[in-house]
Protein chains: 2
Amino acid sequence: MNIELNVSVVDDDPAVRKSICALLDSDGLTPRGFESAQSFLDAFSADDTGCLVVDVQMPGMNGLELQARLAVLGIDLPIIIITGHGDVPMAVQALKAGAFDFIEKPFDDDIFLDSVRRALAQNEMQQAEKTLFAHAVERIALLTPRESEVLEQLVTGRPNKIIAYELGISTRTVETHRARVMEKMQSRSLSHLVRMALAAGIAPQSS
Amino acid sequence: MNIELNVSVVDDDPAVRKSICALLDSDGLTPRGFESAQSFLDAFSADDTGCLVVDVQMPGMNGLELQARLAVLGIDLPIIIITGHGDVPMAVQALKAGAFDFIEKPFDDDIFLDSVRRALAQNEMQQAEKTLFAHAVERIALLTPRESEVLEQLVTGRPNKIIAYELGISTRTVETHRARVMEKMQSRSLSHLVRMALAAGIAPQSS
DNA sequence: TACGCTCTGGGTATTATTACCCATACTGTC
DNA sequence: GACAGTATGGGTAATAATACCCAGAGCGTA
């Protein structure tokens, strides 16, 4: 299946939870219900995809706290916050903290489903970027300190001769490091290397 | 002055406008008051910096409409929306549309000033990116169609020989185009060129 | 028509990069 | 002590890129 359809619904009210899941199910999505933020976190695996629908008012960890928790964990699942008793500051806080949407109950089914669809679409794009650039990060992790230095110089655009001078070694050794960097990064070209480095957050120094 | 301090205050109520301007002024900022969205737009120049504080309820163009108008114009000044009679959907709409903050009146002075400071800081970062990569876009505009094709191939990481084959011309001509691309882009190295191209949104084809 | 721009191509020479081979020395860990 | 990994080098050769020079064909515009 090409499009991600997982929607996790976190709401302590069984009736509401089942109602939302039924709505999602009727729209062809695959909802999973959780009675608490903790039970969601317990069942959650780091590479899960889809989106999250979470009520604010819950015993234990509430919706906004769950949002903050996921942010700390570096999990960027789109989160749709729903609430029966929200106010403007709460909505502002949630959205500024990166929530995908903030919807008051009772809500219009179509508006809700539309938001979920958009959230899933956003997650798909996120996943694409993630898989594309996760490689960059994990490959960079394989580099030795010296190789990392050479990589930095490379993305800055310096030729081997200058790199050798900067690092105080011979061009010969730079060539060795350079070759190993290309090998470890599985990069066939300098431009590919530059893109991977940029994706991984390696900024040029003074180019 | 290093830090941008311009804050445009758009509110139809003279008393409120002056009050906010006085508050900003007392904090060392340089506020400019406008009685309507239109008068702000009239006085606005495309390269103005700083941030914008705008009331929602105004005769003529309201705050959210002004926000949409600026978005259409491609102006990304951080906007702080203030309102005396806001609701959750309005706040959600404004923030999802890119508003920097949404504050209900009456507000706490410190919270407001803090938000303004953050908005100014964000604008500074935006400006830095803008000046950094606006060059890329305007320089790419100087390229001839053929040169643009060569640029695409270059950022994809293809050597001249392959580019020549792809475009059905000699490596000689590719070298000519390549040199002219580097010259027009004012790029000293391939990595610099790749970064500029990426900044301008030129994606590699199949690398 | 003349000018400028674009696209095309060649010659020559220098420099940079890459692909192979090789080695030594120092650090750890098993 | 053996072994793996890292950092440091060398030799040789082929390939790629760069920096200069040059020129003609085509296409618009002043």
Side-chain angles (χ1 to χ4, degrees), chain A residues 135-198 200 202 204-207, chain B residues 135-198 200 202 204-207:
Chain A
H135 295 299
V137 178
E138 64 190 33
R139 286 173 191 171
I140 285 181
L142 297 177
L143 300 180
T144 66
R146 208 50 160 170
E147 287 163 357
S148 296
E149 293 183 84
V150 173
L151 174 58
E152 282 183 43
Q153 303 280 336
L154 279 179
V155 302
T156 310
R158 300 208 165 96
N160 287 351
K161 194 177 291 184
I162 308 298
I163 299 176
Y165 175 77
E166 292 280 344
L167 300 183
I169 56 182
S170 75
T171 62
R172 233 46 232 299
T173 309
V174 175
E175 289 170 17
T176 307
H177 289 318
R178 180 175 185 150
R180 199 157 297 274
V181 167
M182 296 293 281
E183 181 188 339
K184 285 186 178 177
M185 299 291 289
Q186 298 180 14
S187 197
R188 285 80 62 203
S189 65
L190 179 59
S191 55
H192 183 221
L193 187 70
V194 170
R195 290 200 304 276
M196 292 191 81
L198 283 183
I202 291 188
Q205 301 174 318
S206 65
S207 157
Chain B
H135 296 298
V137 178
E138 65 190 31
R139 285 172 192 171
I140 284 181
L142 297 176
L143 299 180
T144 66
R146 207 52 161 169
E147 287 163 358
S148 296
E149 292 184 83
V150 173
L151 173 59
E152 283 184 43
Q153 303 280 338
L154 279 179
V155 302
T156 309
R158 302 209 166 96
N160 287 351
K161 195 177 290 183
I162 308 296
I163 300 177
Y165 175 78
E166 292 280 345
L167 299 183
I169 55 182
S170 76
T171 62
R172 230 50 232 299
T173 309
V174 174
E175 288 171 17
T176 306
H177 289 318
R178 181 174 185 150
R180 199 158 296 274
V181 167
M182 296 294 280
E183 182 188 340
K184 285 186 177 177
M185 299 292 287
Q186 298 180 3
S187 197
R188 286 79 63 201
S189 65
L190 179 58
S191 56
H192 183 220
L193 187 71
V194 171
R195 291 199 304 276
M196 292 191 80
L198 283 183
I202 291 187
Q205 301 175 319
S206 64
S207 163

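Side chains are part of it too, since the values below use all heavy atoms of this structure and drop only hydrogens, waters and symmetry mates.
- By the 4.5 Å heavy-atom criterion applied to side chains, Val150(B) and Leu167(B) are counted as neighbours.
- Looking only at distances, a side-chain donor or acceptor of Ser187(B) sits under 3.5 Å from a matching main-chain atom of Ser189(B).
- When heavy atoms are screened at a 4.0 angstrom cut-off, Thr176(B) is found touching base atoms of the nucleic acid.
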Next item on the list: Please lay out, stage by stage, how Leu198(A) and Val155(A) fare under the test side-chain contact (heavy atoms from CB on, under 4.5 Å).
Entry: CA-CA 8 Å; Leu198(A) 283 183; Val155(A) 302; over 6 Å; no

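- The minimum heavy-atom distance between Ala200(A) and Ile140(A), with the atom names listed, is CB-CD1, 3.4 Å.
- Here Leu151(A) contributes atom CG and Arg180(A) contributes atom CZ; the two are 15.0 Å apart, rounded to the nearest 0.5 Å.
- Side chains of His177(B) and Ile169(B) form a contact here, defined as non-hydrogen atoms less than 4.5 Å apart.
- Within 4.0 Å of Thr173(A), counting heavy atoms only, lies at least one base atom of the nucleic acid.
- The side chain to side chain donor-acceptor pair (under 3.5 Å) test applied to Glu147(A) returns Thr144(A), Lys184(A), not counting sequence neighbours.
- Counting only heavy atoms from C-beta outward, the side chains of Arg172(A) and Thr176(A) never approach each other to under 4.5 Å.
- The stretch residues 140-150 of chain A does not touch DNA chain C, since none of its heavy atoms comes less than 4.0 Å from the strand.
- The rotation axes computed at either terminus of the helix from dA19(C)-dT12(D) to dC30(C)-dG1(D) lie 0° apart, taking five pairs at each end and rounding to 10 degrees.
- We find that CZ of Arg180(A) is positioned 15 Å from P of dG9(D), with the value rounded to whole Å.
- With sequence neighbours excluded, no residue satisfies salt bridge (Lys or Arg N to Asp or Glu O under 4.0 Å) with Arg178(A).
- Atom CD in Glu166(B) sits 4.5 Å away from atom CZ in Arg158(B) (nearest 0.5 Å).
- A donor-acceptor pair under 3.5 Å is absent between the side-chain atoms of Arg195(A) and the main chain of Arg195(B), judged by distance alone.
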Could you list the protein-to-nucleotides 28-30 of chain D atom pairs, N/O on both sides, closer than 3.5 Å?
none

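- In this structure, Met185(A) CE and Leu142(A) CG are separated by 9.0 Å, a value rounded to the nearest 0.5 Å.
- With rounding to whole Å, Ile169(B) atom CD1 is found 15 Å from dT6(C) atom P.
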Please tabulate the protein-to-nucleotide N/O contacts below 3.5 Å involving nucleotides 16-26 of chain C, giving atom names and distances.
unit_1	atom_1	unit_2	atom_2	d
dA16(C)	OP2	Lys161(A)	NZ	2.8
dT17(C)	OP2	Asn160(A)	N	3.0
dT18(C)	OP2	Arg178(A)	NE	2.7

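- Inter-residue side-chain proximity for Val174(B) and Lys161(B) is flagged as unmet; no heavy-atom pair is nearer than 4.5 Å.
- Regarding His177(B), its NE2 atom lies at a distance of 15 Å from the P atom of dT18(D), rounded to whole Å.
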